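All values reported here derive from a predicted model rather than from experimental measurement.
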Amino acid sequence: MMHPGNAFHVMSENLRLWVCRRRVRPVWIIAAAVFCVFWLVSRRYVGPTFMNDEIGYLSHAALLAGYPIDGASSYHAGYSLLLAPLFRLSPDPVATWQGVMVLNAMMWSASSVLLFRVLDRLFAHRPLPHRCAAVAIAMLYPTWLAMCGYAFATTAIVLVFMAAVLAAMHVDVRRKPWSVVPHSLAVGLLYWVHPTGLAVVVASTLGLAVLCARRRHLGPLALHMLVVLLLIFVYREGVHQWLLDVGTAPGFPTQEHYASYVEMLSHLTRGEFWFETLAGALGQMASLVVGSLGLLVVGILEAARRTKESLSGDRSSTTEQSEAKGFLCLFVVLALVAVILLGSASFSAGGRTRIDHWIYARYAEGVLLPLLAIGCFGVFRRRLALVTTGALVIGGVVLVAVADPGFSNKVVNTISFWPQYLVPVANYLIWMTIGGIGTFLFLVAGGQRGIGRCAAIALLFCMSVLSTLNAIDSHESLFEGYSQPTGLLEIVRTNYERGSCVGFNPDLPEHGGLFHQHRFNLYLFYLHDYAYRRMQVDDWVQNCAGPLLTYDIDQLRDAPGVVLLGQEVWSGLYLMAKERDQGFLMPYEAPTERTFLPPAECSLGQGLYRYGEQLAALPSEPGAYHDGSVVSTGHSGFLVFGPYVPLNAGEYMLVVKGTARSVPSGWVDVVSSLGQVQHARFALSSTKEGETGILTSGRVSLDEDVLDLEVRVYVEADDEILLGGYELVPADVAVSTSQGS
């Protein structure tokens, strides 16, 4: 039997001969493979999910493309510059979004090419198959594939950072002082893409200062600082300020999302700020180590070793090419440290309120790719595995002692942190312990030859698949429950020409949440080719010929010439219009897919009725819609829930109708605030065989106005029920005994 090491050598030689014979460059094979895989996975998504981040970049792209929308924010516009041409190619937002997915896949493909070029120069003495394998292993990191499906700046950050890394390889401070300019341009442009680019600027400047001090040529350092500061100034005072001016409706504030540098500086005298910053930095580093199974640690040590060899020797015996390699390795390590510290400091200044805030990886992952590839050429030692595992456990202990994780967790910020998928309970110590075990196994196996190294790669692949599948599931769940446009969009696009005024009343009900607030952001993308902006009701009545999106219609109930076109099922957002000669075209929605209610079915604070097709439009877990009723199917869960509509405070009567042979465990309740507040609960009762009757009735008291009222009918597996509908009407109104109203 052939030894695994010999088999690998034979395979490598065969690959080399095939490539030479076919004259196919491996870098293009890698690029094509990355593009195909990334695009095939990301094309499943049909729109943006995160209404702050993604819409921030998309709306800036629309503004840069010339559309007059109210879409300015504090998000930087470097990524948006790349997206802007897509908004001119097609007026269809769905087509535009698919263009974003294609562009993202192309950018990740380009990043893999740049990574290959870096390894081609940094490890020119290593066999070609080893360099190809290092690129493939580095691209296995789960965040890359998951990020391709979002309009997040991470995709552009990685690409521009890789350009800066490759440009660092060509820096020659002694013979070619101008050679620093490409690197300086790439580093400066990182700030255009994201505020953490400032940390990369600091890292690059420090690394270049070491190189220039070694050669005693400070001119390249001064030139680098001049180029970088000029780029930062042009963006801050030119591009960004212009976007704020043209993209913010008069009288309304710009959407801010980052803690300002001035705010962070104001916390420097607080000991608690430094303590939280260091603890958060430790958590971020631990998250990255676990997500890479310790490959990052090997990469940092290998980069540090090469930096020492290149920059600590005799100047006369060190070549410019060797010094450039040392500068590159120093740069990537300093960039990671600087981004982690800046990101952690910003959270300490702004406050950590979520689980992921203490192990936040998304910012630092923008500068992670080269270190993962460098780690493939490092030394795997058993002692390193023990030390790394111990450090992770200690990090978990520190986080448990220091952190207040809160309740919510955004997986998108810690996609590659795989222990959270195995143990959903938020406990940093348990997560870090599990992560430490996986890291130990990977580092130990990676230090072996043959089967051991194959086992390490298999473990890395399994971690990547686990994280990617969970990230896809999280992405799709968020989109379905949070970010889908409704029939409202088709009504606007069907009845109003592109460029028409569309207003959004920003006044939210007292108990409105982020879901309701973000409807404005959602339609920033889907109505980007309209004059879409925030405006008060009076302003809309006087100055806008198009429709109005609003949660409050009190001012418009009796307004002359104003009509109600309908209401979103989930958010309660109303669509108002001004009367005109021709009628409005109302698109048809199947009963089971109803997202938008016509005026006759809207809840205007006077009661709630759900029968027939209205009932079919409600979501259901174990039920099936049939002939005007929802029938239990032998599984437990909510037979119907929703519709999340606003209702005024007051006394109401609930009547639930249908047929039930046996409902020993069934019940119905009335809740709001996404189920957190229960206003009433009643048991269901059976009816005579084959007869339709009242399953339950009772009084419901609403002490205050609610925004998302929900009636939930719960059944167990052995309950047999045919739900005909329900009504919730004011107590002083006679309860109707007919189906519907």
Side-chain angles (χ1 to χ4, degrees), residues 114-115 117-126 160-192 196-235 261 299-342 366-367 369-371 373-375 377-378:
L114 295 177
L115 179 62
R117 295 300 186 196
V118 169
L119 299 183
D120 207 28
R121 293 177 175 273
L122 195 59
F123 299 98
H125 60 288
R126 302 298 291 267
V160 178
F161 182 72
M162 288 308 307
V165 172
L166 182 60
M169 184 68 74
H170 298 277
V171 171
D172 183 351
V173 299
R174 185 172 67 88
R175 295 187 304 176
K176 301 176 182 178
W178 292 95
S179 63
V180 76
V181 172
H183 173 74
S184 305
L185 289 172
V187 169
L189 287 175
L190 266 176
Y191 183 77
W192 287 47
T196 54
L198 188 63
V200 180
V201 168
V202 173
S204 174
T205 303
L206 291 176
L208 192 61
V210 172
L211 184 60
C212 290
R214 174 180 169 79
R215 283 296 180 180
R216 297 178 182 175
H217 288 279
L218 298 182
L221 177 62
L223 179 60
H224 170 77
M225 295 179 65
L226 176 63
V227 172
V228 168
L229 292 176
L230 180 61
L231 283 170
I232 293 175
F233 178 81
V234 168
Y235 179 77
Y261 298 122
I300 291 174
L301 294 178
E302 177 65 16
R305 184 186 67 81
R306 295 182 71 86
T307 300
K308 182 178 180 181
E309 288 181 356
S310 301
L311 300 181
S312 62
D314 184 12
R315 291 197 307 270
S316 60
S317 61
T318 305
T319 64
E320 286 76 9
Q321 185 178 10
S322 177
E323 287 184 333
K325 292 180 180 179
F327 167 56
L328 181 154
C329 292
L330 179 61
F331 168 56
V332 295
V333 173
L334 289 177
L336 178 66
V337 174
V339 172
I340 287 176
L341 289 175
L342 179 59
V367 298
L369 184 59
L371 284 171
I374 292 173
F377 298 97

**Fill in**
CG of Asp120 to CZ of Arg126, rounded to nearest 0.5 Å, is 13.5 Å
**Message:** Leu301: which residues meet the side-chain contact (heavy atoms from CB on, under 4.5 Å) condition with it, sequence neighbours left out?
**Reply:** Val297, Leu384
**Request:** Apply side-chain hydrogen bond (donor to acceptor under 3.5 Å, both in side chains) to Ser184 and list each qualifying residue two or more places apart in sequence or on a separate chain.
**Result:** His224
**Prompt:** Hey, do the aromatic rings of Phe377 and His125 have their centres closer than 6.0 Å?
**Reply:** no
**Request:** For a side chain to side chain contact (heavy atoms under 4.5 Å, CB included) with Val337, tell me which candidate from Val339, Ile340, Leu334, Leu341 qualifies.
**Result:** Leu341
**Prompt:** Tell me, do Leu221 and Thr205 make a side-chain contact under 4.5 Å, heavy atoms counted?
**Reply:** yes
**Complete:** When rounded to the nearest 0.5 Å, the distance separating CZ of Arg306 from CG of Leu330 is 13.5 Å
**Message:** With a 4.5 Å cut-off on side-chain heavy atoms, are Lys325 and Phe123 touching?
**Reply:** no
**Message:** Is it the case that over 12 heavy atoms from other parts of the model lie below 6.0 angstrom from the CZ atom of Arg305?
**Reply:** yes
**Prompt:** Would Arg121 and His170 satisfy side chain to side chain contact (heavy atoms under 4.5 Å, CB included), going step by step from the backbone distance to the final call?
**Reply:** CA-CA 10 Å; Arg121 293 177 175 273; His170 298 277; 3.3 Å; yes
**Prompt:** Below 6.0 angstrom between ring centroids: does that apply to Phe161 and Phe331?
**Reply:** yes
**Asked** Going from CZ on Phe327 to SG on Cys212, what distance comes out if it is rounded to the nearest 0.5 angstrom?
**Response** 8.0 Å
**Request:** Considering non-hydrogen atoms only, spot the tightest contact between Cys329 and Ala303 and give its length.
**Result:** CB-O, 3.4 Å
**side chain to side chain contact (heavy atoms under 4.5 Å, CB included) assessment of Val173 paired with Leu208** = CA-CA 9 Å; Val173 299; Leu208 192 61; 4.2 Å; yes
**Request:** Answer yes or no: are there more than 12 heavy-atom neighbours, outside Met225 itself, under 6.0 Å from its atom CE?
**Result:** no
**Complete:** Taken in chain and number order and not counting sequence neighbours, the residues that satisfy side-chain contact (heavy atoms from CB on, under 4.5 Å) with Arg174 are Asp172, Arg215, His217, Glu320
